[in-house]
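The structure appears right after this line, and notes come after that.
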Amino acid sequence: MAIDQQTLAQFKEKLLIMASHAEGMVTRAVRAHIDRDEALAGQALETDETIDQFEIQIDRIALGLLAQQPGEFDLRQITCGMKITRDLERVGDEATTIARRAIRLMALPPLSTPLDIAEMTFLANAMLKDALDAYGNREEAASIEVCNRDDEVDAMYTSLFRELLTYMLEDPRNITA
């Protein structure tokens, strides 16, 4: 049985819009931390509800598509899209955490040596975009390439974590920040 292709296209479109909101939310939350901009952190926090609403809408569309008993290929696209939606909602939750912590950190003096988290954020957002492009364009090789780039972000995270530990060991007053 063929499924409604217009509804499937709507499903994919909403998924990409949700991804755009999630990417923007992460960027705003991190930028708010770097620039110590409480208003920008507030904008990031406001986006969480939008992402939650997209998750609900996409799930409803997906359930309707699944009820149409899609073929193997469409079934894989729908189930993969549902998993992506869940992960995007998680990205939004993490961005919310970053924005909230950024606001708390603004009340403290900044660290004497700033951390370079902007590049890590840029790479993570680029990976998100490329992964969604690979999904939308059905490019398996591109999706594998994105997975391979994850090690680079992990290495940056480990480096930043070690740098933070060094700051705390050098001066215990840095522990709270």
Side-chain angles (χ1 to χ4, degrees), residues 11-62 80-136 146-147 149-177:
F11 172 79
K12 290 178 185 178
E13 180 182 355
K14 284 195 178 289
L15 182 66
L16 294 176
I17 293 169
M18 181 184 185
S20 175
H21 283 291
E23 179 185 359
M25 186 176 179
V26 169
T27 300
R28 282 189 296 280
V30 171
R31 188 87 255 154
H33 169 66
I34 292 168
D35 295 344
R36 301 176 68 85
D37 184 337
E38 192 168 344
L40 192 57
Q43 289 175 16
L45 291 170
E46 291 170 6
T47 306
D48 190 46
E49 179 63 30
T50 301
I51 289 174
D52 291 346
Q53 289 304 311
F54 268 101
E55 180 185 26
I56 292 166
Q57 292 171 15
I58 292 167
D59 280 349
R60 283 186 186 143
I61 294 169
C80 186
M82 290 175 74
K83 288 179 179 184
I84 291 169
T85 300
R86 184 187 65 229
D87 290 340
L88 290 173
E89 196 278 331
R90 191 77 194 109
V91 167
D93 288 347
E94 292 299 327
T96 295
T97 299
I98 293 168
R100 286 184 179 143
R101 289 187 180 162
I103 291 169
R104 275 192 245 137
L105 288 171
M106 288 174 206
L108 302 171
L111 291 175
S112 58
T113 304
L115 300 171
D116 186 16
I117 60 172
E119 183 179 350
M120 187 170 65
T121 304
F122 175 79
L123 288 174
N125 275 343
M127 287 173 56
L128 175 61
K129 180 189 176 310
D130 293 347
L132 289 162
D133 287 347
Y135 166 76
V146 171
C147 291
R149 288 173 21 213
D150 189 50
D151 291 340
E152 184 179 356
V153 175
D154 289 346
M156 291 177 85
Y157 173 82
T158 300
S159 175
L160 288 172
F161 186 78
R162 286 184 179 147
E163 195 174 342
L164 282 172
L165 285 176
T166 301
Y167 291 145
M168 289 186 280
L169 290 171
E170 287 175 355
D171 186 353
R173 291 175 296 188
N174 288 330
I175 291 174
T176 302

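In this chain, numbering begins with 1 at the start of the sequence shown. Model, not experiment: these values are computed from the prediction.
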CA sep, side-chain torsions, deciding dist, call: Thr27, Asn125, side chain to side chain donor-acceptor pair (under 3.5 Å): CA-CA 8 Å; Thr27 300; Asn125 275 343; 2.8 Å; yes
Criterion side-chain contact (heavy atoms from CB on, under 4.5 Å) on Asp130 and Arg149, from CA distance to verdict: CA-CA 11 Å; Asp130 293 347; Arg149 288 173 21 213; 2.8 Å; yes
Audit row: Ile51, Met25, side-chain contact (heavy atoms from CB on, under 4.5 Å) steps and yes/no: CA-CA 9 Å; Ile51 289 174; Met25 186 176 179; 3.6 Å; yes
Criterion side-chain contact (heavy atoms from CB on, under 4.5 Å) on Met18 and Gln57, from CA distance to verdict: CA-CA 10 Å; Met18 181 184 185; Gln57 292 171 15; over 6 Å; no
side-chain contact (heavy atoms from CB on, under 4.5 Å) between Phe54 and Leu88, intermediate numbers included: CA-CA 10 Å; Phe54 268 101; Leu88 290 173; over 6 Å; no
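To the nearest 0.5 angstrom, Glu152 atom CD is 7.5 Å from Glu119 atom CD.
In terms of heavy-atom proximity, Ala131 sits nearest to Val146 at N-CG2, 3.8 Å. For the pair Ala102 and Ala29, the tightest heavy-atom approach, listed with the atom from each and the gap, is CB-O, 4.4 Å. A pairwise comparison of heavy atoms in Ala62 and Phe11 identifies CB-CE1, 3.6 Å as the closest pair.
Inter-residue side-chain proximity for Met127 and Val153 is flagged as met; some heavy-atom pair is nearer than 4.5 Å. You'll find the side chain of Lys14 reaches within 4.5 Å of the side chain of Ile61, heavy atoms only. Using a 4.5 Å heavy-atom threshold, the side chains of Glu89 and Thr85 count as separate.
For Asp133 and Lys129, the salt-bridge test passes: some basic side-chain N is under 4.0 Å from an acidic carboxylate O.
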